[in-house]
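Convention: sequence-line order gives letters A, B, ...; per-chain numbering from 1.
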Amino acid sequence: MLAHKLNCNVMADRYEPASFEAAWQKRWKNADLFSTRNNEDAPKFYGMDFFPYPSGAGLSVGHCRNYVPTDVICRMKLMQGFNVLHPMGFDAFGLPAENEAIKNKTHPAQMIEKYAATYRRQMDLIGVSYDWSRSFSSSDPTYYQWTQWIFELLYKRGLAYRRLAAVNWDPIDKTVLADEEIIGGRAERSGAIVEKKWIPQWFFKITEYAQRLIDDLDDLNWPEGIKSQQRNWIGRSEGVQFTIQIANSAPSAIPDDGDFLVKSSRGNLAFDVFTTRVDTVFGMTFCVLAPEHALIENIFGLVTAEDGDRIRAYQLQAKALSDTDRQATNREKTGVFTGAYAINPANGGQVPIWIADYVLATYGTGAIMAVPGHDERDFEFAKKFGIDIVQVIAPSDFAPVELPYVTKDGVLVNSMEYDGLSVVQAQAALGIWMEGLGIGLRKIQYRLRDWLISRQRYWGCPIPIIHTKDGEMQMVPTDCLPVELPVVDNYEPSGDGTSPLAHIADFVNVTDLDGMLGARETDTMGGFACSSWYFLRFCDPHNKKEPWSLKAANYWMPVDCYVGGSEHAVMHLLYARFWTKVLYDAGLVSVKEPFARLENQGQVLALTPYRKPKEGENLNLGEEGVLVSYKDAASIPEEDLFYRWARMSKSKGNVVTPEEAVALYGADALRMYLLFVAPFSADVQWSNDGMQGQVRFLSKIFKLIEDLKPIYYADWRDVISFEEFDDAGKAVRRHTHKTIRKATEDIEKFAFNTYVSSLMIYVNELNDLLKKHVGNPSRAFALAMSEAVESLILLASPGAPHSADELWGTIGKGGFTLNEMWPAFDAKLAADDTVVIAVQVNGKLRDTVGMNANASNAEMEEVAKTAPKVLPHLEGLTVRKVIVIPGKLVNIVAN
RNA sequence: GCCCGGGUGGUGGAAUGGUAGACACAGAGGACUUAAAAUCCUUUGCUUGAAAGAGCGUGUGGGUUCGAAUCCCAUCCUGGGUACCA
């Protein structure tokens with residue numbers, strides 16, 4: 001009895017995570033297992049997760065769905081002999097951190113340190129193989145010194161500038177925000193309706209890179225959806241920009257620069273319009289200027305006093321409107337006639353000039369030629385104000401159509417000598433004609449605006465600029481960087497349009513390069529500046545002399561696999577591409593693109609309880625009930641309760657933490673569950689039953705290895721190639737090598753769910769084979785099973801690293817599976833010698849027949865035709881044709 | 001409106017021109033147990049049939065093909081992005 005008990009202690013025939021997971025994590029740490037290796041001649045692999053902001057809520061199992069798969073591919077690459085860079089750091093600067101710090105009355109620097117430590121502890125808890133020696137926070141002065149250095153690089157290259165602009169002001173967070181941070185007129189973070197505010201702001205000239213940002217997308221291995229979102233955001237459109245003269249004034253000189261133009265020196269007035277449909281120019285029956293258009297000032301001189309009053313009233317009305325109101329969908333068109341007329345350059349006709357807010361001052365030239373016959377917006381406007389509508393495009397079949405006819409499939413009518421040309425032909429012909437006359441230019445217009453980087457907040461990277469007394473700007477000398485954030489007690493946003501730094505005299509007052517008193521720039525950079533280059537710092541994180549060494553960056557870049565959520569499609573991912581291109585132009589990196597491959601993980605959803613609304617009860621937008629806690633749900637009658645799948649979040653109260661999941665089921669079970677539950681990019685529904693299933697599977701592995709120990713030869717490698725294999729041994733090896741191929745390919749292509757299922761199939765097959773041969777295992781079978789034991793442990797290692805190392809120990813091996821070679825695939829051993837082929841009659845499966853894998857087509861056909869279940873289906877029919885797919889299928893076509 | 005995804009058993013999903021439903025979860029039946037848990041075995045798309053089998057089946061309707069979940073056209077539903085961008 002005692003002996004049996006002792007035996008039990010050394011036996012590990014089930015997955016008992018509490019007994020070994022923490023111990024292995026400790027051993028990994030002590031052995032410095034995850035520190036980046038730099039073996040000569042080894043290929044490199046740079047695998048990275050999005051830079052997280054360490055929130056006080058800590059990680060949920062939802063975050064783990066990002067980190068675990070990246071860890072799996074990095075671990076496999078390491079075992080395959082790659083030098084792997086797998087870093088983690090913290091995106092610490094920015095609004096969320098500062099707001100939380102204000103709420104908690106802690107200094108953000110201390111708060112971030114604490115939260116980052118929690119993140120790290122949680123990431124270690126699930127066994128992710130980060131090289132922590134390379135970690136940093138974007139708020140570390142040793143990091144943001146170089147963010148400032150890159151700012152100065154942009155400034156020197158004319159890519160950072162300051163100008164007065166109408167910008168998005170968030171009245172809750174009391175700062176301006178970039179266009180990319182505004183969703184439907186509301187601030188993405190605070191949810192506040194943004195206001196227009198005119199303040200001098202810092203911008204990065206991302207528009208200069210618009211075309212390259214579109215072009216270089218083609219070569220990236222990114223999800224098509226993300227690429228398409230970026231293309232749409234940049235919004236390239238090809239068209240013609242041309243000058244329109246105002247009729248009430250004398251003809252003006254023709255501009256040749258194609259730029260927006262106001263000619264007022266001699267009272268000659270003209271304005272530029274941009275159109276993608278120059279082919280419809282003969283259908284222009286009015287023009288529209290944006291209410292903010294600069295030319296309007298000059299129009300007052302041409303029109304009556306009443307016209308002037310009407311224009312001013314409309315301008316005021318437009319100004320009073322918030323952006324959200326102005327952008328409200330299906331808004332009725334408004335506008336006023338100016339009293340002035342424009343000359344259509346194509347036919348010399350005079351058309352009225354209107355002012356309307358459906359034309360945006362910030363896009364194109366802020367003025368349009370309006371063609372109501374072929375544009376829905378113009379049509380709606382013309383209808384409302386009784387303006388002429390002329391058809392100039394007809395469908396190619398000349399069928400009568402209802403206007404507006406916006407389709408490009410057509411030919412020109414009512415267009416003088418251009419009649420009969422197709423839309424495409426006419427666009428070219430009219431563009432060339434205008435260019436010849438010097439009144440227009442074919443041009444490419446982008447929707448993308450420059451990147452607004454100023455924030456009127458304390459917790460960000462200071463902009464290293466000094467304003468001198470005479471109104472000039474100077475860069476802070478490189479050797480004086482970083483411009484450090486002063487440590488202060490009170491850093492709440494002031495709300496007056498300046499940052500809290502502006503009220504700290506010690507920070508503001510400096511002497512400039514000439515020894516004169518100057519004032520520091522007090523805006524800080526938005527957090528996206530900090531995350532636009534951190535992947536470069538990871539290559540060389542301790543460099544004190546430069547942001548990174550060329551050698552390190554050239555070796556590791558680009559990031560081979562970048563993993564994170566799709567919510568950054570047009571923010572971080574666009575900015576980081578822009579900075580990389582600038583750095584490439586400056587000769588500081590050798591790649592034009594930072595992220596060769598991008599993968600987006602799905603979200604983890606939790607079943608969340610809601611109470612049915614009471615009569616007349618107000619509900620949150622988009623919800624059908626009132627959110628309740630799990631605790632409250634227990635006391636609500638069943639008929640008043642319903643459940644919905646919702647993203648795990650603190651506010652929904654439905655978060656499952658990694659601590660809870662690990663305590664209940666184990667880290668490896670959590671990892672395997674997250675991998676297995678759904679394809680990587682799909683949303684998943686958290687389920688405790690699913691977790692239990694993984695515990696079962698891991699236990700099955702432990703049990704199988706335990707059962708195989710009696711026939712395990714530790715030195716199988718030395719003899720296996722000399723062995724004559726019997727059928728049983730061959731079958732084992734076939735399964736082993738098929739699984740090696742499948743698991744390797746699946747991890748490579750992020751098909752982690754089928755990676756796990758291939759291991760399950762493998763375990764099931766080995767169990768079946770073992771059962772069949774347990775009484776009389778041949779030596780060949782035992783050798784094949786020995787290979788299988790090690791292959792199984794090593795193939796499972798990226799997914800379940802704790803269990804793999806534990807099992808590795810139980811078969812008498814020392815060390816870590818991460819240091820072992822990934823199993824090598826042998827195609828010859830994986831090949832089947834018999835196959836089951838499908839026999840179809842007229843495409844319908846009628847029988848399956850087993851046969852030799854290299855049977856000839858004729859043999860296959862013969863066997864198929866005489867298969868017992870096939871014969872009745874051929875009765876009375878004549879065989880017309882037989883299709884044979886070698887090794888797979890025979891289809892007999894008969895009638 | 002426009003641009004991207006997605007629609008397959010009770011559930012998560014597999015199969016990307018060649019045996020639909022791999023692998024799991026859940027369910028049902030059984031073994032072990034005083035009992036439960038755990039574990040193991042059998043079974044599980046639908047209809048019909050005692051069974052062998054037959055028929056149907058990947059949102060819907062058409063098409064291409066010897067053969068379609070997969071390719072093409074149309075259409076519905078659904079998730080995400082975006083919107084007066086000329």
Side-chain angles (χ1 to χ4, degrees), chain A residues 13-14 183-184 223-233 235-237 239 241 273-278 280 288 290 326-331 333 356-360 362-371 374-378 380-381 406 445-449 566-567 569-570 600 602 672-673 676-679 681-685 687-697 699-700 703 751 753-764 767 836-849 869 872 880-885 887-895:
Chain A
D13 64 351
R14 56 191 299 167
I183 292 167
E224 272 312 311
I226 301 285
K227 291 208 241 181
S228 128
Q229 270 190 62
Q230 291 215 349
R231 285 192 196 100
N232 290 343
W233 186 261
R236 176 193 156 104
S237 37
Q241 182 168 320
V273 296
F274 174 77
T275 179
T276 54
R277 293 297 304 271
V278 71
T280 63
V288 186
R326 195 166 154 172
Q327 282 166 11
T329 45
N330 300 330
R331 218 180 109 227
K333 296 266 180 298
D357 64 6
Y358 82 91
V359 171
L360 307 177
T362 45
Y363 181 78
T365 61
I368 61 161
M369 70 164 197
V371 183
H374 304 283
D375 179 282
E376 270 170 28
R377 295 149 301 178
D378 299 344
E380 207 184 305
F381 193 83
V406 298
Q445 186 73 45
Y446 300 93
R447 199 189 81 119
L448 182 71
R449 313 283 159 73
S566 55
E567 67 275 11
V570 291
N600 295 130
M672 294 293 265
Y673 171 73
F676 178 70
V677 65
S681 59
D683 286 352
V684 307
Q685 300 171 349
S687 122
N688 289 335
D689 286 337
M691 288 290 293
Q692 191 54 52
Q694 293 304 321
V695 170
R696 205 172 296 152
F697 171 56
S699 285
K700 248 166 132 172
K703 176 80 167 39
N753 55 334
T754 49
Y755 153 64
V756 175
S757 89
S758 75
L759 295 181
M760 290 172 164
I761 294 168
Y762 188 39
V763 168
N764 291 344
N767 261 323
V836 177
I837 63 155
V839 185
Q840 300 181 331
V841 178
N842 291 328
K844 268 197 166 113
L845 181 74
R846 293 304 177 186
D847 206 352
T848 54
V849 220
K869 288 182 192 165
R880 302 288 172 196
K881 199 171 166 185
V882 178
I883 282 133
V884 180
I885 309 295
K888 286 228 153 153
L889 162 148
V890 177
N891 187 11
I892 303 165
V893 185
N895 60 12

Without decimals, in angstroms, what is the distance between [X] [atom1] and [N] [atom2]?
X: A/Gln685; N: B/G12; atom1: CD; atom2: P; result: 6 Å
X: A/Met691; N: B/G12; atom1: CE; atom2: C1'; result: 15 Å
X: A/Ile883; N: B/U19; atom1: CD1; atom2: C1'; result: 16 Å
X: A/Lys881; N: B/U65; atom1: NZ; atom2: P; result: 10 Å
X: A/Ile226; N: B/U82; atom1: CD1; atom2: C1'; result: 14 Å
X: A/Gln840; N: B/G17; atom1: CD; atom2: P; result: 16 Å
X: A/Lys844; N: B/A20; atom1: NZ; atom2: P; result: 11 Å
X: A/Arg449; N: B/A83; atom1: CZ; atom2: C1'; result: 12 Å

Nucleotide of [options] approaching [X] most closely (side-chain heavy atoms):
X: A/Lys700; options: B/C40, B/G53, B/U82; result: B/C40
X: A/Lys333; options: B/C84, B/G12, B/A54; result: B/C84
X: A/Val359; options: B/A86, B/G55, B/C4; result: B/A86
X: A/Ser757; options: B/G18, B/C23, B/A86; result: B/C23
X: A/Leu360; options: B/A86, B/G18, B/G12; result: B/A86
X: A/Ile761; options: B/C4, B/A22, B/U82; result: B/A22
X: A/Leu845; options: B/G12, B/A86, B/U19; result: B/U19
X: A/Thr754; options: B/A14, B/A54, B/C84; result: B/A14
X: A/Ile885; options: B/G18, B/A26, B/C84; result: B/G18
X: A/Asn891; options: B/G67, B/A54, B/A86; result: B/G67

Inset, instruction - Would you confirm whether A/Asn891, through its side chain, and A/Gly843, through its main-chain N or O, come within 3.5 Å as a donor-acceptor pair? - result: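 Yes, the answer is positive, given that a donor and an acceptor are paired below the 3.5 Å cut-off.
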Legend entry - Check: A/Tyr673 side chain, A/Ser687 main-chain N or O, donor-acceptor pair, under 3.5 Å: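 Yes; at least one donor-acceptor contact below 3.5 Å.
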Legend entry - First encountered from the 5' end of RNA chain B, between A/Ala838 and A/Gln694: A/Ala838
Inset, instruction - Assign each of A/Val684 and A/Asp689 to its nearest nucleotide of RNA chain B by heavy atoms, then name whichever residue's nucleotide is nearer the 5' end. - result: A/Val684
Which part of the nucleic acid, if any, lies within reach of [X] when heavy atoms closer than 4.0 Å are counted: base, sugar-phosphate only, or nothing?
X: A/Pro223; answer: nothing
X: A/Phe676; answer: base
X: A/Asn764; answer: sugar-phosphate
X: A/Thr362; answer: nothing
X: A/Val836; answer: base
X: A/Arg696; answer: sugar-phosphate
X: A/Gly693; answer: sugar-phosphate
X: A/Asp375; answer: nothing
X: A/Thr276; answer: sugar-phosphate

Using the [atom1] atom on both, measure [N] against [M] and round to a whole Å.
N: B/U70; M: B/U19; atom1: P; value: 14 Å
N: B/G59; M: B/U11; atom1: P; value: 14 Å
N: B/G12; M: B/G79; atom1: P; value: 16 Å
N: B/G62; M: B/G1; atom1: P; value: 26 Å
N: B/G6; M: B/G21; atom1: P; value: 22 Å
N: B/A14; M: B/G7; atom1: P; value: 9 Å

Inset, instruction - Indicate yes or no: at least one non-hydrogen side-chain atom of A/Met672 is less than 4.5 angstrom from one of A/Leu759. - result: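 Yes, at least one pair of side-chain atoms sits under 4.5 Å.
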Presence of [X] side-chain N/O under 4.0 Å of [N] phosphate oxygens OP1/OP2:
X: A/Asn753; N: B/A14; answer: yes
X: A/Lys227; N: B/C4; answer: no
X: A/Arg14; N: B/A37; answer: no
X: A/Asn600; N: B/G5; answer: no

Inset, instruction - Please work out whether B/G9 sits syn or anti, treating a glycosidic angle within 90° of 0 as syn. - result: syn
Inset, instruction - Any chance you could encode RNA chain B as dot-bracket? Rule is Watson-Crick or G-U wobble with both distances under 3.5 Å; [ ] for pairs crossing earlier ones, | for another strand. - result: (((((((..(((.....[....))).(((((.......))))).((((....))))..(((((..]....))))))))))))....
Inset, instruction - Could you grab the distance from atom CG of A/Leu889 to atom OG1 of A/Thr848, nearest 0.5 Å is fine? - result: 11.5 Å
Legend entry - Gap separating the CD atom of A/Glu224 from the CD atom of A/Gln229, nearest 0.5 angstrom: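 Those atoms lie 12.0 Å apart.
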Inset, instruction - Flag yes if more than 12 heavy atoms outside A/Glu376 fall under 6.0 Å of its CD atom; otherwise flag no. - result: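 No, CD of A/Glu376 has 12 or fewer neighbouring heavy atoms, counting only those of other groups under 6.0 Å.
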Legend entry - Other residues, nucleotides, ligands: >12 heavy atoms within 6.0 Å of A/Arg14 CZ: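 No.
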Legend entry - Distance under 6.0 Å and angle within 45° of ring axis: A/Lys333 vs A/Phe381: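 Pair A/Lys333/A/Phe381 does not count as cation-pi.
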